[in-house]
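Values in this document were obtained by computation on a predicted structure and should not be read as measured data.
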Amino acid sequence: MRKLFESNSYVLESEYEVVFLRNKITGETVVVGDHYGDPTCGYISDDETHCISCGAGVIVYFMRNVNLPYSYDKQESQWVEFHRNEMEIAAINYENNDYVFYDEDGRVLDIRIEIDRK
């Protein structure tokens, strides 16, 4: 497993194209994403309400019910996808209350996502 990000309670990891969220206390793991060509980076929000995986697009997985596994061919309120298979995201930062995405050359990508933290 490759670690993408770690918070106080969770680890966001990938193996091949699949992204997993592992609870550090219970050890329970759930699939939270799947990126063609392997995920490149990830992030877990400070309040642990959602996690983000990037690679071929962006997947935001809401952590209110971490027992529902992500499925590529299914639409659920548990996750939302952006620019799926349209662009390659190499890095993510959280700054000034906003997510900033970068390509492999370090250029900022024009991706805007809004996340309801309620």
Side-chain angles (χ1 to χ4, degrees):
M1 291 277 201
R2 177 176 162 241
K3 185 181 352 178
L4 300 173
F5 197 87
E6 186 170 357
S7 68
N8 289 333
S9 304
Y10 295 93
V11 178
L12 195 62
E13 302 171 307
S14 69
E15 186 169 55
Y16 303 108
E17 296 181 339
V18 181
V19 181
F20 302 91
L21 182 67
R22 179 173 47 88
N23 185 311
K24 291 173 18 179
I25 297 165
T26 66
E28 293 178 3
T29 301
V30 65
V31 173
V32 297
D34 186 339
H35 296 271
Y36 176 77
D38 295 347
T40 56
C41 56
Y43 188 83
I44 300 171
S45 64
D46 292 341
D47 58 4
E48 296 182 335
T49 58
H50 63 277
C51 61
I52 299 175
S53 61
C54 302
V58 177
I59 300 171
V60 179
Y61 182 92
F62 300 101
M63 296 165 59
R64 60 183 166 262
N65 173 15
V66 295
N67 295 319
L68 181 64
Y70 168 85
S71 179
Y72 177 71
D73 56 351
K74 201 172 181 186
Q75 293 296 319
E76 292 283 344
S77 61
Q78 189 72 30
W79 59 81
V80 62
E81 301 173 336
F82 299 91
H83 302 284
R84 188 75 178 165
N85 298 322
E86 294 174 16
M87 62 176 64
E88 186 73 22
I89 292 90
I92 181 175
N93 278 334
Y94 185 72
E95 49 193 59
N96 300 323
N97 294 319
D98 199 11
Y99 291 102
V100 181
F101 300 90
Y102 300 89
D103 69 10
E104 61 188 20
D105 295 321
R107 292 182 297 240
V108 174
L109 297 169
D110 187 22
I111 300 174
R112 300 284 178 251
I113 61 173
E114 296 207 15
I115 298 172
D116 184 4
R117 295 178 180 259
K118 295 177 187 173

V11 versus K24: any side-chain heavy-atom pair under 4.5 Å?
-> yes
M87 side, atom CE; L109 side, atom CG - distance, nearest 0.5 Å | 6.0 Å
CA sep, side-chain torsions, deciding dist, call: E28, V66, side chain to side chain contact (heavy atoms under 4.5 Å, CB included) = CA-CA 9 Å; E28 293 178 3; V66 295; 5.8 Å; no
Please walk me through it: do Y102 and N93 pass side chain to side chain contact (heavy atoms under 4.5 Å, CB included)?
-> CA-CA 8 Å; Y102 300 89; N93 278 334; 3.6 Å; yes
Mark yes or no for whether E48, through its side chain, and S7, through its backbone, hold a donor-acceptor pair below 3.5 Å.
-> no
D34 side, atom CG; Y72 side, atom OH - distance, nearest 0.5 Å = 8.5 Å
Side chain to side chain contact (heavy atoms under 4.5 Å, CB included) assessment of I59 paired with V19 | CA-CA 10 Å; I59 300 171; V19 181; over 6 Å; no
How long is the span from the CD1 atom in I25 to the OH atom in Y10, to the nearest 0.5 Å?
-> 8.0 Å
Under a 4.5 Å cut-off applied to non-hydrogen side-chain atoms, are P69 and K74 in contact?
-> no
Please examine the side chains of L68 and V30, heavy atoms only from C-beta on, and report whether any two atoms are closer than 4.5 Å.
-> no
Looking at SG of C54 and CZ of F82, how far apart are the two atoms once the value is rounded to the nearest 0.5 Å?
-> 11.0 Å
Check whether any side-chain heavy atom of V32 sits under 4.5 Å from a side-chain heavy atom of M63, and report yes or no.
-> no
With a 6.0 Å cut-off on ring centres, are Y99 and Y43 close enough?
-> yes
Are any side-chain N or O atoms of D47 and backbone N or O atoms of T49, one a donor and one an acceptor, separated by less than 3.5 Å?
-> yes
Looking at CG of L4 and CD1 of I52, how far apart are the two atoms once the value is rounded to the nearest 0.5 Å?
-> 12.5 Å
Side chains of I92 and Y94: closer than 4.5 Å at any heavy-atom pair?
-> no
Shortest non-hydrogen pair, G33 vs S53, comes out as CA-OG, 4.3 Å
Verdict with supporting geometry, Y70 and V18, side chain to side chain contact (heavy atoms under 4.5 Å, CB included) | CA-CA 10 Å; Y70 168 85; V18 181; over 6 Å; no
Would you indicate whether the side-chain heavy atoms of R64 and H50 approach each other to under 4.5 Å?
-> no
Output yes when a side-chain donor or acceptor of E13 lies under 3.5 Å from a complementary backbone atom of R2, and no otherwise.
-> no
